[in-house]
Q: 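To start, I am sharing the structure in question, which I have written as structure tokens.
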Amino acid sequence: MTSKIGSTVLGYPRIGPRRELKRALESYWVGKIGQDQLRETAAELRARTWRELHDAGLGSVPSNTFSYYDQVLDTAVTFGAIPERYRALGLDPLDTYFAMARGVESTPPLEMTKWFDTNYHYLVPEIGPETTFSLADRTPVERFREAERMGITTRPVLVGPLTFLLLSKKTAEAPDSFTPLDRLDDLVRSYAELLSELHHAGVEWVQLDEPAFAADRRSSELEKLRGAYERLGRLSARPKLFVPTYFGDPGESLEVLTSTPIEALGVDLVAGATTTNVLSGLTGLRNKTLVAGLVDGRNIWRTDLDHALATGATLLGLAGEVAVGTSCSLLHVPYDVEFERNVDPQVKSWLAFAKQKVEEVVLLDRALHEGREVVREQLDNARAAIEDRRNATRLRDERVRARTGQLRPEHARRGDRAKRRADQRQALGLPPLPLTTIGSFPQTADVRKARAQLNNGRIDRATYESRMLDEIRRVIELQEELGLDVLVHGEPERNDMVQYFSEHMEGFVSTENGWVQSYGSRCVRPPILFGEVSRPDPITVGWAKEAQGMTDKPVKGMLTGPVTILAWSFVRDDQPLAETAEQVALAIRDEVVDLESAGIRVVQVDEPALRELLPLRSEQHGQYLEWAVRSFRLATSGVADSTQIHTHLCYSEFGEVINAIVDLDADVTSLEAARSRMEVLDDLNSVGFANEVGPGVYDIHSPRVPEVGEIEKSLRAALEAVPADRLWVNPDCGLKTRGYEEVRTALANMRTAAVRVRDSLN
């Protein structure tokens, strides 16, 4: 029998309730504060989290979940997996870390992609035969001692060795036959060294996260999982090992892990609801602790406590101890619903953010082990909120349902590709290798100030709109000066590419302080989609029409696609996602049609989250991709052949959805490609992609400005895979987070490189 972990969470938000870490990081990066001030802010945030979780009554509190940028990058640094090009910069450890995350002028950053099927981005480690693993950083030990000085005993958390290597990519120097998982034995040796140090520091439990095993895994990978935890489990001086999987059903890995000497196993019983069927047959659980992830760590609806307790009760007796936990880290939800003053009171009563989810975990654990009577009042209150939501008449709009009920296959179909291309070329008259950007331009302090003044009533809407039009004119003039071919209006009026649309649609509410980390200092406020979705009035048409009136060049209408709106919102969980996607698609379709009617000849409907929502198990891919592709095509198929439809995808591994990208049938597809060195083009060619494509040549998530030669090299590499008459030139993503000085220089370099390549085609 193991000692108890008790009720717990797998992780917690780390940006600060008021985004304190974001402000400190950005102040440090521009030189306004030094490392001491940055570290002081970080220490304050860690202490606040530990105290809050301890005082909430959790059985154990996680530590080492704080990060200055990303937990996968932290793991790479802990075990010395720092590519030589960053070591060669000669920077101190913290600035070397930030160089890997953000790049410096001479050195691009590591590749970045999505953390499984979430909107969190992680830095992709580079592992090769030459990588030297060692215990290079002792932050997990230091954080344990830091909390201990506060009188709080914590459980250090790390990305597990298998997941770390499975999420890594091989170095450029590695042979074709090499995979990062080939280095598992060496990495496990370093994990063992860390476990020994943690043991001698007095650590009782260590959490090693292995979410990679909620995805499809080969038998050889499962055997490596077994071997790694057999080896770590046999260490004579180590803490007890708690290994959670999450984001889905861990399948065969459950049996593998229970056969090893680890003391505790964590399972996601929200995304992996069928896992309970497997658990009942695992006799190896009877001398282990099972942490049951009964509280959703990824969505913001209150837990149905009666249902969760019924599930928890079926687990009692299957394991030596059963503890209640979250399905995954609470990194993916905002801090506290009580910070929200303006959310509709009824909707607010249905919500639980991180603080409330901790309370639910404690409540469920008490009810499960002490009996329902000890928490009867809290259970009754929770049940009333669940019933109120379930019976709310506002959740159903018969007009919306009647419209979706009338849809037919032809509503998601456009004309012949060849005819569309001919009509668009005649209508637009673009040169070879047309230059454009993805949509947004830098959001200046003046733009943000004007939005804040409108929201707090210090200026009226007419004044606000006048200032936004001034900014749009500035953006249009800059693009004409730089020689771009298809322009954008820069989106100064938009706070966020999803939130802006949600604020103009029925069925959504927005938060004031519901911030969630996307990567580094980048935070988003996902809207809450609680009801039926429709678009009462045009959203972007007025701005696009004004911008088009400022230039003779085509200006793109800029919209966010239905899949991305779902992925980057907290979505109702009381109906299939496909039904909600259909409703959102019709709302976007109305906007596309109105843009065309207003004279906009190019419309971009961004779907950067297409890969993100892909289920982790391949058996579920087909069903998802069918409705995801259909929703995009439904949104974009209401216009004439001469109207050019663009889409944009970024910061994902595209290989698994490459056929779906083809099936979207967008006239032009722009994709992230700068960090991955145009690798996506080979994927596209492998499936016969025949439409136009714009692989990004400028990595906008780094402050470095690419030189002309660097961009030219990327374009020439692209031309080896894509003929010139189908190739566009553009950055990887929108320019919202960058500054005007760097944007002007980078786009000028992009233009110069494109002209050089154009001239060489003649």
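We're numbering straight along the sequence, starting at 1.
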Q: Compute whether any side-chain donor of one residue and acceptor of the other, for Tyr500 and Glu491, lie under 3.5 angstrom apart.
A: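 No pair is found: no donor N or O on one side chain lies under 3.5 Å from an acceptor on the other.
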Q: Using only heavy-atom distances, determine whether the side chains of Asp95 and Tyr28 contain a donor-acceptor pair under 3.5 Å.
A: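 Looking only at side-chain atoms, Tyr28 and Asp95 do form a donor-acceptor pair, the distance falling under 3.5 Å.
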Q: What is the minimum heavy-atom distance between Tyr122 and Asp70, and which atoms define it?
A: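 Residues Tyr122 and Asp70, closest heavy atoms: CB-OD1, 3.5 Å.
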Q: Is it true that Arg143 and Glu146 make a salt bridge, defined as a side-chain N closer than 4.0 Å to a carboxylate O?
A: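 So Arg143 pairs with Glu146 through a salt bridge.
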Q: Can you name the closest pair of heavy atoms from Tyr740 and Glu471 and give their distance?
A: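 What the structure gives for the nearest pair is OH-OE2, 2.7 Å.
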Q: Please report the closest heavy-atom contact between Arg494 and Arg451, naming both atoms and the distance.
A: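 Where Arg494 meets Arg451 most closely, the heavy atoms are O-NH2, 3.2 Å.
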Q: Does Arg102 count as lying over the ring of Tyr69, i.e. NZ or CZ under 6.0 Å from the six-ring centre, within 45 degrees of the axis?
A: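 Output no; distance or angle outside limits.
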Q: Would you say Thr444 and Asp446 are linked by a side-chain donor-acceptor pair, where the criterion is simply a distance under 3.5 Å?
A: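 Result is no, nothing qualifies.
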Q: Are Glu26 and Lys22 close enough for a salt bridge, meaning some N to O gap below 4.0 Å?
A: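 Salt bridge present between Glu26 and Lys22.
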Q: In terms of the angle between their ring planes, are Tyr68 and Phe66 parallel, tilted or perpendicular, with boundaries placed at 30° and 60°?
A: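 Tyr68 and Phe66: perpendicular rings.
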Q: What's the shortest heavy-atom distance between Thr8 and Pro62, and which atoms?
A: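 Looking at all heavy atoms of both residues, the shortest contact is OG1-CD, 4.4 Å.
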Q: Answer yes or no: are there more than 12 heavy-atom neighbours, outside Arg617 itself, under 6.0 Å from its atom CZ?
A: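 More than 12 heavy atoms, drawn from other residues, nucleotides or ligands, come within 6.0 Å of this atom.
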Q: Kindly confirm or rule out a cation-pi arrangement of Arg298 over Phe247, judged by NZ or CZ under 6.0 Å from the six-membered ring centre and within 45° of its axis?
A: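 Yes, Arg298 lies over the aromatic ring of Phe247.
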Q: Salt bridge (Lys or Arg N to Asp or Glu O under 4.0 Å), that's the test. Do Glu210 and Arg217 meet it? Break it down for me.
A: CA-CA 12 Å; Glu210 294 288 5; Arg217 300 266 69 103; over 6 Å; no
Q: With a sphere of 6.0 Å drawn around CG of Asp92, does it hold more than 12 non-hydrogen atoms of other residues, nucleotides or ligands?
A: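 Yes - once you tally the heavy atoms of other residues, nucleotides and ligands closer than 6.0 Å, there are more than 12.
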Q: Any idea how Phe79 and Tyr191 line up, ring-wise: parallel (<30°), tilted (30 to 60°), or perpendicular (>60°)?
A: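 Taking Tyr191 first and then Phe79, their aromatic rings lie parallel (interplane angle under 30°).
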Q: Hey, what's the ring geometry for Tyr120 with His332, parallel, tilted or perpendicular (30° and 60° as the breaks)?
A: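 Judged by the thresholds at 30° and 60°, the geometry between Tyr120 and His332 is perpendicular.
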Q: Go through the side-chain N and O atoms of Ser670 and Asn730 and say whether any donor and acceptor fall under 3.5 Å apart.
A: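 No donor-acceptor contact under 3.5 Å links the two side chains.
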Q: With a cut-off of 6.0 Å (strictly less than), are more than 12 heavy atoms of other residues, nucleotides or ligands near CD of Glu707?
A: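 Not buried by this count: 12 neighbours or fewer within 6.0 Å.
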Q: Could you tell me which non-hydrogen atom of Gly297 sits nearest to which non-hydrogen atom of Val333, and how far apart they are?
A: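 Closest pair (atom of Gly297, atom of Val333, distance): O-CG1, 3.5 Å.
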